[in-house]
Amino acid sequence: MNVSLVLVATCGVLVGTGVFLMLERSLTRVLVGLVLLSNGVNLGFMVSAGEPGEPPIYGSAPTADMADPLPQALVLTAIVITLGTTAFLLAMAHRSWQLHGHDEVQDDVEDASIRRLADADETSQGYDLDDRDQQGDHASARPEEDRG
Amino acid sequence: MTGLGVTALLPLPVLLSLLGAGAALMLSGRPTLQRWVSTSVLAAVVAIAATLLVVVDREGPQVLTLGGWSSTLGISLVADRLAALMLLVSSVVTLAVLVYSIGQGITDDDREAPVSIYHPTFLVLVAGVSNAFLSGDLFNLFVSFEMLLFASYVLLTLGGTTARVRAGTIYVVVNLVSSMLFLVSIAAVYSAVGTLNMAQVALRVGELPDGVSLVLQLLLLVTFSIKAAVFPLSLWLPDSYPTAPAPVTAVFAGLLTKVGVYAILRMQTLIFPDSDLTVLLLVAALLTMVIGALGAIAQSDIKRMLSFTLVSHIGYMIFGIALATTAGLSGAIFYVAHHITIQTALFLVVGLIETRAGSTSLLRLGGLARLSPLIAVLFFIPAMNLAGIPPMSGFLGKTGLLQAGLADGSALALVLVAAGVVTSLLTLYAVAKTWALAFWRSPEQAHDMTTSMIDPDSGTAAERHGDHVHMGPVTFGPRDLEAARALRADDDPDRDLHQLLLEDALPRRLPLLMTAPAAALVAVSLALSVVGGPFYGYTDRAAADLADRQPYLSAVLGEEAR
């Protein structure tokens, strides 16, 4: 099977940039990454699925010369699904912006609590629970805020 | 064969759910009618699944090729013993969860969960799950995964609160990546064998060079392992599940990961029966079990604790699949069915706790056994079942798997048998800790303990040594201290159970529509124990079908499969 090198290279570049962008914290960049990645994957699907040929319309060309219609149908389905996902992610980015004023992915709860623990350990010498409680219930409970 | 009569049932679970979703959406202005539509649709799906199970067990796999194409061209729906069982268990569980969420919706007019969207989305989720179990085509499997994932994105972020958007972001992005991987694997499979019909793929993969088929297998395995939350691809789960509303978490925990397990099971037995990856799968199973259970012990919130045990017990199923013997597969199938009911029941009960006592944090709860004996019983039975206490179904499932491991006899399998026992013990420890703290101690003790964690000189019954607080046999570590402080800081310090009881600020009664489904699921799990023998007979037959492959292949491809 002959494969166009340009298409393969394009697919590689799209997937590469897509993955790179998905590693960002901003949801908008993740979204752009998703769009690039899915285009790359779809292109790869088309490239890997067989040689190009005549339009697969019955009677318009000898069957042997026709392109395989199935991958085109599959990729079309995948494109539609990606469209829906893109819309959903956009809505989430917008909601996140409404709530926080930015659209960055938050730390997960475990991660945040481990980081707070690490902060608490760092300051364990001067970290006196009694002192904190005298400052009042609410302010004392968050070590990193107090220090900052 | 009874002709078209039975095969005509095959698309109905998917079709009915989707039509029901459309109807429910149109009826969003009339909540009562909407509830009736969605409940009756799911009840019908349960009936269809039960019929299918009986027919399939008696007459062998049923196949329907959609649109009347020949089976190699069209999309086929296949129900064999495994698929029919999964369909039945999942539809029973979803029906229970739906009734529960109706009960919850009536009592607290919770603006965080708009009911008008909830019902249609839930039905789409059911359609996706059913389609995944019935699909005989890889791309159709992809589409059903997307259906159920989309519904789950919406359910997980219902209301768009801060916590749900945060958890939802991680969930959505992880699943997007896995969907892309799935698409890549499908492209690879199609270019390698020129078909996506799973039976045909199974026949042709054997003719491929070893390297190529190994790449295909690894691609599919990674994809499905992300869905099934197999360690190290499980880290997204304990963070994203607990924030959703209780019934949503329950149905996710019960079903979504099991769809991934089902896909792994199907792929390993049908497409790659002579697997080179037994060792890899066994190691993954080992790590999933032990790390999940250790994570569960460290949690101070019941929902998070249960999410970790969920991950941990996925390891048992992967263990059975990796062994690839009939006994191992049978144990895995039994365990999947057991675990779907038990995990969903537990999350529903946690929802009851949240409604009755206002929290799921172990730092706040106490005295639930006296406060609500019903919740205590409903929690205790599935919790002990989860840990594998005889004579319940968890014990039967684990025994089957451990016996299969012993029969295998390889060193790694024996290590896994040991790990299985240890995991069971660790699970028991985790649920016993929950029991001791949330149910056994009094609300005053709970209040004193949490107070003394923050203020060591408060002169309460708890002892404090350095970073730890002891009370009786229970120890809280520095992480719990941190959590206690965060609790106190985050909201009103008076909102722990002790104070709420003093103020009499809790609902006195639980709605019957919430307790009844939870009790029904607990009863189903007990029934699984009672009929353990015949049920094991069924899973043995299902596993024999899987190991043999011929029933499935000849049902789909006819005489072509030789």
Side-chain angles (χ1 to χ4, degrees), chain A residues 1 15 18-19 22 27 30 34 37-38 40-42 44-50 68 70-71 73-75 77-78 81-82 84-85 88-89 91-93 95-96 98-100 103 105-114 116-117 120-121 124 129-130 132-133 137-143 145, chain B residues 73 139 142-143 146-147 149-150 153-154 157 160-163 165-170 172-173 175-177 179-181 183-184 186-188 190-192 194-196 235-236 238-240 242-243 295 298 301 304 454-458 467 478-479 481-490 493:
Chain A
M1 184 169 97
V15 171
V19 168
M22 284 194 111
L27 209 50
V30 172
L34 165 76
L37 179 64
S38 68
V41 169
N42 289 336
F45 204 139
M46 296 302 292
V47 173
S48 68
D68 185 353
L70 188 62
L74 301 183
V75 167
T77 314
I81 290 174
T82 315
T85 326
F88 189 82
L89 260 188
M92 266 181 68
R95 180 68 188 155
S96 176
Q98 276 184 332
L99 288 168
H100 309 290
D103 66 346
V105 179
Q106 311 284 304
D107 282 336
D108 85 28
V109 177
E110 285 294 292
D111 202 24
S113 99
I114 287 170
R116 274 203 302 274
L117 273 180
D121 275 348
S124 61
L129 283 165
D130 300 339
R132 302 190 152 273
D133 278 341
D137 271 340
H138 294 260
S140 68
R142 288 239 174 91
E145 284 176 7
Chain B
L73 283 179
F139 197 78
F142 171 73
V143 173
E146 289 304 312
M147 274 163 77
L149 282 179
F150 241 95
Y153 299 158
V154 175
T157 52
T161 58
T162 311
V165 167
R166 183 195 62 73
T169 311
I170 296 166
V172 171
V173 172
N175 278 301
L176 282 181
V177 172
S179 296
M180 285 301 143
L181 259 179
L183 206 54
V184 171
I186 287 176
Y190 189 76
S191 60
T195 179
L196 290 175
L235 301 175
W236 57 271
D239 190 50
S240 52
T243 52
D301 183 279
R304 290 185 70 87
I454 301 164
D455 176 10
D457 298 327
S458 58
D467 280 351
R479 285 158 58 92
L481 287 171
E482 188 57 37
R485 282 188 213 106
L487 267 183
R488 283 298 161 93
D490 279 350

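In what follows, chains are A, B, ... by sequence order, proteins preceding strands, each numbered from 1. In this text, all values refer to a predicted model and were calculated from it rather than measured experimentally. Just so you know, these numbers use all the heavy atoms, side chains as well, and skip hydrogens, waters and symmetry mates.
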Student: Within this structure, what is the CG-CG distance for the pair B/Leu196 and A/Leu70, rounded to the nearest 0.5 Å?
Tutor: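 It is 6.5 Å, given to the nearest 0.5 Å.
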
Student: Which distance, rounded to the nearest 0.5 Å, do you find between the CG of A/Asn42 and the CG of B/Leu183?
Tutor: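 So the gap between those two atoms works out to 5.5 Å.
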
Student: Which bit of A/Leu99 is near chain B, if near means a heavy-atom gap under 4.5 Å: side chain, backbone, both or neither?
Tutor: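 Just its side chain gets close to chain B.
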
Student: With rounding to the nearest 0.5 angstrom, report the CZ to CD1 distance, B/Phe150 to A/Ile81.
Tutor: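 Nearest 0.5 Å value for the CZ-CD1 distance: 8.5 Å.
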
Student: How far apart are the C-alpha atoms of A/Asp68 and B/Tyr190, what are their side-chain angles, what is the distance that settles it, and do they pass the side-chain contact (heavy atoms from CB on, under 4.5 Å) test?
Tutor: CA-CA 11 Å; A/Asp68 185 353; B/Tyr190 189 76; 2.3 Å; yes

Student: Which pair of non-hydrogen atoms, one from B/Ser191 and one from A/Ser48, has the smallest distance, and what is that distance?
Tutor: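 So the two residues come closest at CB-O, 2.9 Å.
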
Student: Please identify, among A/Pro71, A/Ala93, A/Gly44, the residue contributing the most non-hydrogen atom pairs under 4.5 Å to chain B.
Tutor: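 When all of A/Pro71, A/Ala93, A/Gly44 are compared, A/Pro71 has the most.
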
Student: Rounded to the nearest 0.5 Å, what separation is found between the OG1 atom of A/Thr82 and the CD atom of B/Glu146?
Tutor: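 It is 8.0 Å, given to the nearest 0.5 Å.
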
Student: For the residue pair A/Met92 and B/Val165, what are the closest heavy atoms and their distance?
Tutor: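 That closest heavy-atom pairing would be CE-O, 3.9 Å.
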
Student: Using non-hydrogen atoms only, which part of A/Phe88 is less than 4.5 Å away from chain B: side chain, backbone, both, or neither?
Tutor: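 Contact with chain B: side chain only.
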
Student: If you count heavy-atom pairs under 4.5 Å with chain A, which of B/Thr157, B/Thr169, B/Val184, B/Ile186 comes out on top?
Tutor: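 Most pairs with chain A among the choices: B/Thr169.
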
Student: Using side-chain contact (heavy atoms from CB on, under 4.5 Å) as the criterion, list what pairs up with B/Val177, not counting sequence neighbours.
Tutor: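 Only A/Met22 meet the side-chain contact (heavy atoms from CB on, under 4.5 Å) criterion with B/Val177.
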
Student: For chain B, find which of A/Val15, A/Leu34, A/Val30 contributes the most heavy-atom pairs closer than 4.5 angstrom.
Tutor: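 Heavy-atom pairs under 4.5 Å are most numerous for A/Leu34.
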
Student: Under the ring-ring contact (aromatic ring centres under 6.0 Å, His included) test, which residues partner B/Phe139, sequence neighbours left out?
Tutor: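 B/Phe139 satisfies ring-ring contact (aromatic ring centres under 6.0 Å, His included) with B/Phe142 once adjacent residues are dropped.
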
